[in-house]
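In what follows, a structure is listed as structure tokens, so that the remarks can point back to it.
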Protein chains: 2
Amino acid sequence: MLIRLDQTLDAPLFEQLASGLRASIIDGRLSGGERLPAARELADSLGVNVHTVLRAYHRLRDERLIELHRGRGAVVAVRIGGHAALAGAVYDLVDEAKNHELPEAALLALISEAYRSAPRASGVLRPMPTR
Amino acid sequence: MLIRLDQTLDAPLFEQLASGLRASIIDGRLSGGERLPAARELADSLGVNVHTVLRAYHRLRDERLIELHRGRGAVVAVRIGGHAALAGAVYDLVDEAKNHELPEAALLALISEAYRSAPRASGVLRPMPTR
DNA sequence: ACCTATTTGTCCGTATGTATG
DNA sequence: CCATACATACGGACAAATAGG
């Protein structure tokens, strides 16, 4: 799996793990449909608690990078037509904005601001903490 | 606080709690800047574990409905214009767009197009995403 | 249809760290 | 310095869905 956790870093363990896995998925070292180790298994091999691994897994699930299923484990998401799902979300949002009678310009402004100020979930643009 | 948890429901406790708090925030029973009970305190009064409350708090933080700060507790987010749920949806969408590495300009274009071509207004709030 | 092993989901408990006031 | 309160990490227990025999 080639992921190393460093207790001494200020970055939390679960975040180091999520970042490492995310990097592997993004650059293709882990490909769609591929199965990740069971949480307990990975936890043992890394010397951390299961909850720490699960927390990283849940993070990646929230980012739609992996899928989690009981009894089946964690699988790298196949992102075919990912933009299609995104388009659906766009329509949902615009629909709700209209319900709130929010002008188009206001929504665009919100989007722009969110782009500038929301570094949280992605991690794609964020380099892995090195050393 | 007027939130009741029902162990017998199939909905998880943390989700019931998050839903209850979310509803209170959305409809204004809890207003911006208002402080929520400390996690431990609320946990005791509800008869659940601290982690369960914190999990609900984290959920609401992800939705940008509350802010969490060490030593200060949980505070209902003050939103300067725009509905809270809408603001949360905006951040969710932008997060996802970033995950897809979709440039800001592209998302803005999608939004504008959706504004022009989406005629109807459902008026119905979407149910909470059940992960 | 049944049973069993696997694996995540949820919840509880405890301890320590750290920013805030 | 000290109390508060969230953040992280550890540990354990049971439930529930899945897959395979």
Side-chain angles (χ1 to χ4, degrees), chain A residues 1 3-21 33-77 119-121 123 129, chain B residues 1 3-21 30 33-77 128-131:
Chain A
M1 187 55 50
I3 288 185
R4 292 210 308 263
L5 303 183
D6 188 343
Q7 186 71 266
T8 72
L9 294 181
D10 65 340
L13 295 179
F14 79 90
E15 191 175 306
Q16 293 181 41
L17 180 52
S19 294
L21 292 173
E34 196 163 343
R35 194 176 174 286
L36 295 177
R40 255 163 204 92
E41 190 182 326
L42 182 55
D44 288 346
S45 81
L46 290 176
V48 299
N49 192 272
V50 196
H51 295 304
T52 304
V53 174
L54 282 177
R55 196 165 169 185
Y57 276 11
H58 291 163
R59 180 92 123 210
L60 297 176
R61 178 192 55 189
D62 289 345
E63 300 172 11
R64 307 291 202 276
L65 288 178
I66 68 175
E67 291 179 5
L68 296 176
H69 300 281
R70 285 183 196 167
R72 281 200 285 146
V75 176
V76 177
R120 184 187 65 84
Chain B
M1 189 54 51
I3 288 186
R4 292 211 310 264
L5 303 183
D6 188 343
Q7 186 68 266
T8 71
L9 295 180
D10 64 341
L13 295 180
F14 78 90
E15 192 175 307
Q16 293 181 39
L17 180 53
S19 294
L21 291 173
L30 291 173
E34 195 163 343
R35 194 174 173 287
L36 295 177
R40 219 160 233 102
E41 192 182 324
L42 183 54
D44 288 346
S45 81
L46 291 175
V48 299
N49 192 271
V50 196
H51 294 306
T52 304
V53 174
L54 283 177
R55 198 164 168 186
Y57 277 9
H58 292 163
R59 180 91 126 214
L60 297 176
R61 178 190 54 187
D62 289 345
E63 299 172 10
R64 304 302 201 279
L65 289 177
I66 69 175
E67 291 178 5
L68 296 177
H69 301 280
R70 285 183 197 165
R72 280 200 286 147
V75 176
V76 177
M128 227 197 76
T130 53
R131 195 187 21 231

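Because the structure is a prediction, the values reported are computed rather than measured. A, B, ... follow the sequence lines: proteins, then strands. Residue 1 opens every chain.
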Extract from the structure each pairing of a protein N or O with an N or O of nucleotides 4-8 of chain D at less than 3.5 Å, listing the distance.
unit_1, atom_1, unit_2, atom_2, d
D:dA5, OP1, B:Arg35, NH2, 3.1
D:dC6, OP1, B:Ala39, N, 3.3
D:dC6, OP2, B:Ala39, N, 3.0
D:dA7, OP1, B:Arg61, NH1, 3.0
D:dA7, OP2, B:His58, NE2, 2.6
D:dA7, O4', B:Arg70, NE, 3.3
D:dT8, OP2, A:Arg55, NH2, 2.5

Original post:
Taking only residues two or more places apart in sequence or in another chain, which ones pass side-chain contact (heavy atoms from CB on, under 4.5 Å) with B:Ala38?
Top reply: B:Glu41
Subject >> Partners passing side-chain hydrogen bond (donor to acceptor under 3.5 Å, both in side chains) against B:Glu34 (at least two apart in sequence or in another chain) >> reply: B:Ser31
**OP:** Go through the structure and list residues passing side-chain hydrogen bond (donor to acceptor under 3.5 Å, both in side chains) with B:Arg72, not counting sequence neighbours.
**Re:** B:His69
**OP:** Considering just the side-chain nitrogens and oxygens of B:Thr52, establish if one lies under 4.0 Å of OP1 or OP2 belonging to C:dT10.
**Re:** no
Original post:
What's the CD-P distance between A:Glu67 and D:dA17, to the nearest Å?
Top reply: 18 Å
Original post:
How long is the line joining CD of B:Gln16 and C1' of C:dC11, in whole Å?
Top reply: 13 Å
Subject >> Between P of C:dT18 and CG of A:Asp10, the distance in whole Å >> reply: 10 Å
Subject >> Between C1' of D:dA9 and CG of A:Leu17, the distance in whole Å >> reply: 13 Å
Subject >> 4.5 Å side-chain heavy-atom contact, A:Val48 and A:Phe14 >> reply: no
Subject >> Side-chain N,O (A:Asn49) to OP1/OP2 (D:dG11) below 4.0 Å >> reply: yes
Subject >> B:Asp6 CG to C:dC11 P, straight-line distance once rounded to whole Å >> reply: 12 Å
**OP:** Only counting residues at least two apart or in another chain, list the ones meeting side-chain hydrogen bond (donor to acceptor under 3.5 Å, both in side chains) with A:Asp10.
**Re:** none
**OP:** Using side-chain contact (heavy atoms from CB on, under 4.5 Å) as the criterion, list what pairs up with A:Leu54, not counting sequence neighbours.
**Re:** A:Ala39, A:Val50, A:His58
